[in-house]
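Below is one structure, written out as structure tokens; the observations come after it.
First the proteins, then the strands, lettered A, B, ... as listed; each starts at 1. Bear in mind the structure is a predicted one, so any value in this text is a computation, not a measurement.
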Protein chains: 2
Amino acid sequence: MSKTIKHQEKTDFLLDKGLELLWCKGYNGTSVNDIVKVADVPKGSFYFYFDSKEDFTVKALDRYFALKRAATAEVLEDRSVSPSQRLYNYYEKRVNIMKDQLNCTWGCMGANIGNEMSEHSEKIRVTIVNHEEKIRRQLVDVVIEAQMDEEIDHTVDPDNIVAFIEDAYKGMLISMKETQSAGPLDNFLFFLKTLILK
Amino acid sequence: MSKTIKHQEKTDFLLDKGLELLWCKGYNGTSVNDIVKVADVPKGSFYFYFDSKEDFTVKALDRYFALKRAATAEVLEDRSVSPSQRLYNYYEKRVNIMKDQLNCTWGCMGANIGNEMSEHSEKIRVTIVNHEEKIRRQLVDVVIEAQMDEEIDHTVDPDNIVAFIEDAYKGMLISMKETQSAGPLDNFLFFLKTLILK
DNA sequence: TGCAAAAATATGACCGGTCGTCTATAAAAA
DNA sequence: TTTTTATAGACGACCGGTCATATTTTTGCA
């Protein structure tokens with residue numbers, strides 16, 4: 001196997017392992033020692049594969065958003081379903097992942113790190129802003145479709161309503177973590193349906 | 001001056017100083033050394049007034065929510081204004097505080113620490129959950145009033161809609177921090193008015 | 001009121017441990 | 001042998017927390 005591929009594989013392995021720690025414990029709550037320990041890699045190796053903890057975090061975020069997109073893209077692109085229903089299915093899928101895989105405890109890594117680090121690391125902040133913008137653009141396309149089909153009020157600005165929904169989703173995840181329950185998840189889906197996608 | 005009062009005054013002084021650090025840099029981003037340094041107090045004194053960093057954080061949260069309530073209570077209780085308008089004024093006030101005093105950077109201390117620490121400190125989690133529930137109860141009363149005046153759809157559950165609004169507000173603050181702009185604040189107010197308080 | 005005993009508060013050196021990072025060197029590849 | 005890749009562990013700084021001791025304030029009694 002090529003050397004560069006091997007190098008990339010080990011890089012990704014470290015990212016996968018460390019990503020979970022950052023997601024769960026945050027930037028300042030996760031140490032480089034924690035990361036190399038769960039990956040069973042010598043401490044010195046970390047700085048062979050990454051410039052710094054900050055650099056690692058940026059790359060872990062890239063990986064997180066790539067995995068997130070891979071897990072939900074098809075729901076949004078399923079043309080056999082109406083645009084409005086596609087939007088609902090998309091959030092329902094994200095909600096179910098929170099319930100099933102994450103036990104209502106981890107929330108969204110992007111929002112977690114963004115909330116913790118935006119003021120303190122410009123590189124991390126910009127990384128998250130860019131990824132979230134990409135997600136919103138996808139959603140805006142579907143909203144515009146839904147408006148053409150008159151499933152969503154066509155007087156409302158697509159960018160703004162998507163930003164509002166995403167913000168409501170983000171905040172709901174905080175309440176989910178605080179209450180350690182699925183209540184906020186269901187409440188979000190209910191008002192998404194009755195208030196916006198009606 | 002009574003001994004206990006003096007003791008309380010110094011305690012509050014430390015809380016006021018440390019509260020800002022926790023608010024801005026988070027729990028794991030703030031060290032006990034940071035706190036005693038900004039308060040210009042010897043390290044040893046910290047552990048005379050507080051059991052631990054966690055204990056300090058719980059008391060700082062108590063103080064944060066007390067100050068927050070003091071700053072916004074009158075808007076909510078102003079009977080010369082319609083219930084629906086009172087709700088809007090309440091959030092507008094909170095939004096303006098974010099813009100003017102906090103430069104769109106700090107967000108809500110409760111949400112910040114709640115998001116960071118809920119899974120890792122039960123004491124902190126419970127403290128935040130209780131304070132937020134108290135805030136929501138206040139809001140629910142006004143929503144019920146608004147429903148009786150038919151300013152808000154009376155078929156919607158007051159507890160649930162308040163939870164949804166508060167969640168949207170929380171999440172919007174994350175976006176505000178990430179984008180370092182007031183855009184999300186205005187967007188939130190717009191949809192609060194057009195979607196819920198119409 | 002004067003004053004010593006006692007209680008409350010102040011102080012910073014110090015503890016073991018961990019932090020993020022770097023450098024000297026070993027192992028592997030060329 | 002030279003160059004590249006990878007590792008081990010040392011580095012100084014800092015972490016949350018403790019401690020013996022110094023200082024101040026309050027108290028009880030003469």
Just checking A/F46 against A/F56, ring centres under 6.0 Å apart?
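A/F46 vs A/F56: aromatic centres under 6.0 Å.
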
Output yes when B/D167 and A/K170 qualify as a salt bridge under the 4.0 Å nitrogen-oxygen rule, no when they do not.
no

Should A/R94 and A/E166 count as an ion pair when the cut-off is N to O under 4.0 Å?
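Answer for the salt bridge query: yes.
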
Whether B/K10 contacts C/dA10 is assessed here as follows: a side-chain N or O lying under 4.0 Å from the phosphate OP1 or OP2. Is that the case?
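Yes, B/K10 has a side-chain N/O under 4.0 Å of OP1/OP2 on C/dA10.
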
Give the rounded distance in Å between these two atoms: [atom1] of [X] and [atom2] of [N].
{"X": "B/L14", "N": "C/dT9", "atom1": "CG", "atom2": "C1'", "answer": "13 Å"}
{"X": "B/K6", "N": "D/dT26", "atom1": "NZ", "atom2": "C1'", "answer": "11 Å"}
{"X": "A/F56", "N": "C/dC19", "atom1": "CZ", "atom2": "P", "answer": "14 Å"}
{"X": "B/K37", "N": "C/dG12", "atom1": "NZ", "atom2": "P", "answer": "14 Å"}
{"X": "B/E9", "N": "C/dA8", "atom1": "CD", "atom2": "C1'", "answer": "16 Å"}

Go through the structure and list residues passing side-chain hydrogen bond (donor to acceptor under 3.5 Å, both in side chains) with B/T194, not counting sequence neighbours.
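Expected list: none.
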
Looking at DNA chain D, which of residues 21-36 of chain B put a heavy atom within less than 4.0 Å of it?
B/T30, B/S31, B/V32, B/N33

I need the residues from residues 41-53 of chain B with at least one non-hydrogen atom less than 4.0 Å from DNA chain D; give them sorted by number, or say none.
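Heavy-atom cutoff 4.0 Å gives B/K43, B/Y47, B/S52, B/K53.
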
ring-ring contact (aromatic ring centres under 6.0 Å, His included) partners of B/F191, counting only residues at least two apart
A/F164

Strictly by ring pair (Phe, Tyr, Trp, His ring centres under 6.0 Å), give each pair with a member in residues 19-42 of chain A just once, sequence neighbours left out.
A/W23-A/Y64, A/W23-A/W106

Under the rule for side chain to side chain contact (heavy atoms under 4.5 Å, CB included), what residues qualify as partners of A/N103, not counting sequence neighbours?
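Testing A/N103 for side chain to side chain contact (heavy atoms under 4.5 Å, CB included), a comparison that skips the adjacent residues, returns A/T105.
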
Below 30° counts as parallel, above 60° as perpendicular, anything between as tilted: where do the rings of A/Y169 and A/Y91 land?
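The rings of A/Y169 and A/Y91 sit tilted, inter-plane angle from 30° to 60°.
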
